[in-house]
Structures are given as C-alpha cells and as structure tokens.
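For reference, the structure is listed below as structure tokens.
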There are 2 protein chains.
Amino acid sequence: MIRVLIADDQDLVRGGLAALLGLEPDIEVVAEVARGDEVLASVAAHRPDVVLLDIEMPGLSGLEVAERLTGVRVVIVTTFGRPGYLRRALDAGVAGFVVKDAPAAELAAAVRRVTAGERVVDPKLAVTALTVGASPLTTRECDVLRAADGGASVADIARSLFLTEGTVRNYLSSAIGKTGARNRAAAVSTARSRGWL
Amino acid sequence: MIRVLIADDQDLVRGGLAALLGLEPDIEVVAEVARGDEVLASVAAHRPDVVLLDIEMPGLSGLEVAERLTGVRVVIVTTFGRPGYLRRALDAGVAGFVVKDAPAAELAAAVRRVTAGERVVDPKLAVTALTVGASPLTTRECDVLRAADGGASVADIARSLFLTEGTVRNYLSSAIGKTGARNRAAAVSTARSRGWL
DNA sequence: CCGCCGGTATGACATTCGTCATCCCGGCCG
DNA sequence: CGGCCGGGATGACGAATGTCATACCGGCGG
C-alpha cells in the first residue's frame with residue numbers, strides 16, 4: 001500500500017485528487033492539508049511514502065515546502081507548467097512534476113513510479129525549461145518586479161522596499177531589459193509566465 | 001439517479017470532481033468535456049440533469065456557455081469568487097455558484113439541491129457581489145483595459161482596437177478614474193479582481 | 001424633439017517612466 | 001591583490017502616460 005499525503009488549498013480539488021487516488025487499490029490517502037506550513041507536521045505525524053504538493057498555497061509555497069522535506073518522495077502537482085517552477089522544483093530535489101491538465105490516469109502512475117524510485121517529469125516541459133533557461137534576474141530585480149505587480153508607482157515600490165526612487169527605476173530598467181519587455185507591466189507578465197517570480 | 005455533465009479544462013481537476021461525485025450513490029457522471037465550445041453538443045447527446053461549468057475554459061467561457069444553455073440546471077464551479085462573475089452567472093440564469101475552495105461535501109449537496117429546484121449561492125459571496133456592485137465600465141473601457149493587460153503601450157492598444165491613440169488614452173483615463181486606480185496597471189488589476197473583465 | 005450617454009477624435013499640458021552615465025561599497029574568485 | 005558583480009544612489013534627458021477641454025455623431029428615453 002502506497003501511503004500518500006495531499007497538500008492543496010482548494011478543498012474541492014484536494015478532495016477530487018483524494019477521491020481519484022482512493023479508487024486505486026494500491027494507494028491510500030493518509031492525510032490532507034490545505035496550507036503549505038502544515039505539511040511538515042503532517043508528514044511527521046502520518047509518515048507518508050509520497051507527498052503531493054500544489055505550488056500556490058497560503059503559508060508556504062509548495063516549492064518552499066519541497067526544499068524543507070526530506071525522507072519522503074515529493075510530487076509537485078500544479079496548474080502552471082512554468083519552466084522556472086520546474087527548475088526550482090528539481091533543484092529542491094522533487095521526484096515528480098505533474099501539471100493539472102495532464103490526463104487523470106497519469107497521477108496514479110506518477111505516484112507509483114516515484115515510489116519505485118523513478119523521476120517523473122513531463123518531457124515537453126523539460127525541453128521548455130532547458131530552452132528558456134534559468135532566470136537572469138537578480139534577487140532585487142525580482143523583488144522590485146513583484147512589488148510592481150498590480151500597478152504600484154515607482155514611489156510606492158521605493159517605500160515598500162526602503163529604496164530610493166532612482167534605484168527602483170534602475171532595477172526596473174534592468175529587469176525590463178533582461179526580460180526583453182518594453183515596460184514594467186510587460187516585464188512582470190513575462191517574468192511571471194516563466195516562473196521567475 | 002441524477003445525471004451530471006462536467007466541463008473543466010484541467011484533466012486532473014475534472015477527473016477529481018468526477019471521482020468525487022462518483023462516490024455518491026444517487027449521482028452519475030454521464031459525460032466530461034474539456035472545452036466550453038463542446039458543452040452544448042454533449043448536453044444534447046447525453047441529456048444530463050445538471051451541468052457543472054468551470055468559468056475559465058478554452059473555446060467558450062463557462063459564463064458564455066451558461067447563457068446559451070436551456071432546459072438544464074447549471075452550476076458554476078470556479079476558482080475565483082469574483083463578484084462580477086457571480087453577477088453575470090445569475091444574469092445567465094444559473095442555478096448554483098460554488099467556489100473551488102468550498103468543502104468537498106458541498107458539491108454533491110449543491111447538485112442535489114439544484115436538482116430539487118433550489119438555488120445554491122455562497123451567502124458571503126452574494127453579500128460581496130451586492131456590496132461591490134455592478135461594473136461601472138462601458139464596453140469600450142473594458143476592451144481597452146483587456147488590451148492593456150500584459151503591458152501593451154497606447155500605440156499597441158490603438159492598433160489592436162483600430163482606434164486613435166488619443167481615444168485610447170481617454171478610455172484608459174476614464175477607466176482609471178472609475179476603478180479608483182492611479183494608473184492603467186492598477187486599473188486592470190482592480191477590474192479583474194472584481195470580475196469586470 | 002431635445003437632451004443625454006457612449007463612442008470617437010484632437011490638441012495641449014503636467015507628470016511619470018525608462019534610459020544612461022557615473023559614483024560608492026562589499027564580497028568573491030582567480 | 002585586482003577585477004567583477006550585485007546592491008545602492010544621484011542627476012539629467014527624452015519618451016510615454018494621464019488629464020482636461022472641446023468637438024461631432026448616433027441612438028434612446030422623456
């Protein structure tokens with residue numbers, strides 16, 4: 001019996017995945033959590049063989065959780081097949097990476113394969129991740145781009161990061177250049193779609 | 001036996017919902033589709049009692065599908081509890097509106113209740129929808145905001161909508177005013193979060 | 001029939017952005 | 001030890017953006 005823990009913030013989705021895996025005779029869902037920061041305690045309590053992690057969760061992101069988890073196989077299950085996400089997931093040592101628009105049958109298969117010691121990654125995604133490459137953005141450029149999301153002005157960003165307006169402009173300019181965008185909004189959009197933020 | 005059709009573009013989620021409802025003795029999932037524009041044909045073919053519609057799907061959005069569907073009860077199942085979505089859904093005559101972070105048990109309950117002729121809407125969401133109010137944006141203002149998403153310049157927007165740059169600036173200015181934002185990016189963000197786009 | 005609203009357009013104006021050059025500092029690598 | 005890179009800052013300049021007043025047209029409600 002493969003013991004599985006599921007972490008996803010959307011009740012309906014989490015319940016759905018549990019129901020899906022519950023249909024498999026050799027898989028048992030031993031716990032479900034809705035927040036990233038509850039995963040570690042639950043893993044300690046239930047000792048699952050495999051942990052399914054959504055990336056976007058309150059508390060801690062799935063990627064952050066994956067970095068902290070040891071002694072258990074991790075499969076990232078996410079809506080967004082962003083190259084940067086895959087890269088960070090692999091850096092964090094996950095055993096599998098499945099996107100939510102993959103065929104439903106693939107989930108159970110992935111769980112079995114990582115249990116058997118294999119690494120499960122969508123080949124198409126892997127190619128894209130290699131093609132797009134790693135993030136060229138520095139830490140601060142990321143910070144500034146994140147702060148710029150939602151339409152904050154240079155002054156707003158400067159205040160929220162305790163920087164001078166001029167410095168913020170420099171970082172934005174640099175990030176715009178690196179993303180090949182023509183303004184901050186496009187830069188944010190590009191960086192986000194690549195999983196760089 | 002309540003016959004249900006599920007429309008959601010993410011295989012894993014759709015499969016999950018199907019598995020979840022499959023556990024109920026009085027509910028039968030008779031069809032699944034992944035695109036909005038496949039729903040009508042599938043409804044004609046399978047004659048379900050209830051149709052579960054995700055909003056964000058390729059082809060047609062769940063809201064557009066709901067407007068076109070007659071003779072069947074519709075439940076919107078969406079990630080985003082945006083007031084504007086709920087409003088448009090109710091205008092389209094749906095019988096239920098469930099957000100994906102609702103408890104899993106609520107889905108089957110919602111299906112049963114709409115079958116019994118009830119209308120199922122999250123009370124909190126209903127309050128927010130009434131509080132926030134309907135969209136103050138005109139059609140063109142929406143168009144321009146949508147086109148502005150992703151960081152397009154005034155010139156880009158003008159080209160894509162066959163307008164003068166000055167006119168685009170006017171619409172943007174007006175939309176920025178109506179959303180209480182301080183620039184176009186914030187306006188897009190606000191309008192989107194309210195479901196006005 | 002007149003007025004208002006939405007769509008479209010023009011021109012002028014102040015403000016914000018994006019770019020560039022240049023500077024300082026502290027690590028880290030060769 | 002001497003670069004080089006990343007973080008941080010300043011000032012200047014041109015381009016893009018946001019605001020406002022004004023105008024014309026077509027439809028719809030009073």
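Here the structure is a predicted model, which means the values were calculated and not measured. Labels below follow one simple rule: chain letters A, B, ... track the order of the sequence lines, proteins then strands, and each chain is numbered from 1.
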With no hydrogens and no angle check, is any side-chain donor or acceptor of [X] less than 3.5 Å from a backbone partner on [Y]?
| X | Y | result |
| --- | --- | --- |
| A/S189 | A/A185 | no |
| B/S174 | B/N170 | no |
| A/D9 | A/A34 | no |
| B/E141 | B/T138 | yes |
| A/D37 | A/L60 | no |
| B/R194 | B/G84 | no |

Can you check each nucleotide of nucleotides 11-29 of chain C against protein heavy atoms at under 4.0 Å and return B for base, S for sugar-phosphate only, - for none, in 5' to 3' order? ------SBBB---------

Could you give the angle between the helix axes at the two ends of the helix from C/dC1-D/dG30 to C/dG30-D/dC1, with five pairs per end, rounded to 10 degrees?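 Nearest ten degrees gives 30° for this helix.
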
Taking 4.0 Å as the cut-off, does a side-chain nitrogen or oxygen of B/T167 come that near to OP1 or OP2 on C/dG7?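 No, no such contact exists.
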
Which of residues 137-145 of chain A sit near DNA chain D, with a heavy atom under 4.0 Å from it?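 Close to the strand are A/T138, A/T139, A/R140.
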
Would you compute the distance between atom CG of A/D101 and atom CZ of A/F80 and round it to the nearest 0.5 angstrom?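 Reported to 0.5 Å precision, the distance equals 10.5 Å.
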
Length of the [atom1]-[atom2] vector between [X] and [N], whole Å:
| X | N | atom1 | atom2 | value |
| --- | --- | --- | --- | --- |
| A/Y171 | D/dT10 | OH | C1' | 14 Å |
| B/L163 | D/dC24 | CG | P | 20 Å |
| B/I157 | D/dA16 | CD1 | P | 14 Å |

Tell me the salt bridge (charged side-chain N to carboxylate O under 4.0 Å, His left out) pairs involving residues 151-169 of chain A, sequence neighbours left out?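 Qualifying pairs: A/D156-A/R159, A/D156-B/R182.
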
May I have all residue pairs that pass salt bridge (charged side-chain N to carboxylate O under 4.0 Å, His left out) and include part of residues 51-74 of chain A, sequence neighbours excluded?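 Non-adjacent pairs meeting salt bridge (charged side-chain N to carboxylate O under 4.0 Å, His left out): A/D54-A/K100.
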
By side chain to side chain donor-acceptor pair (under 3.5 Å), which residues pair with A/R87, not counting sequence neighbours?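 A/R87 satisfies side chain to side chain donor-acceptor pair (under 3.5 Å) with no other residue.
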
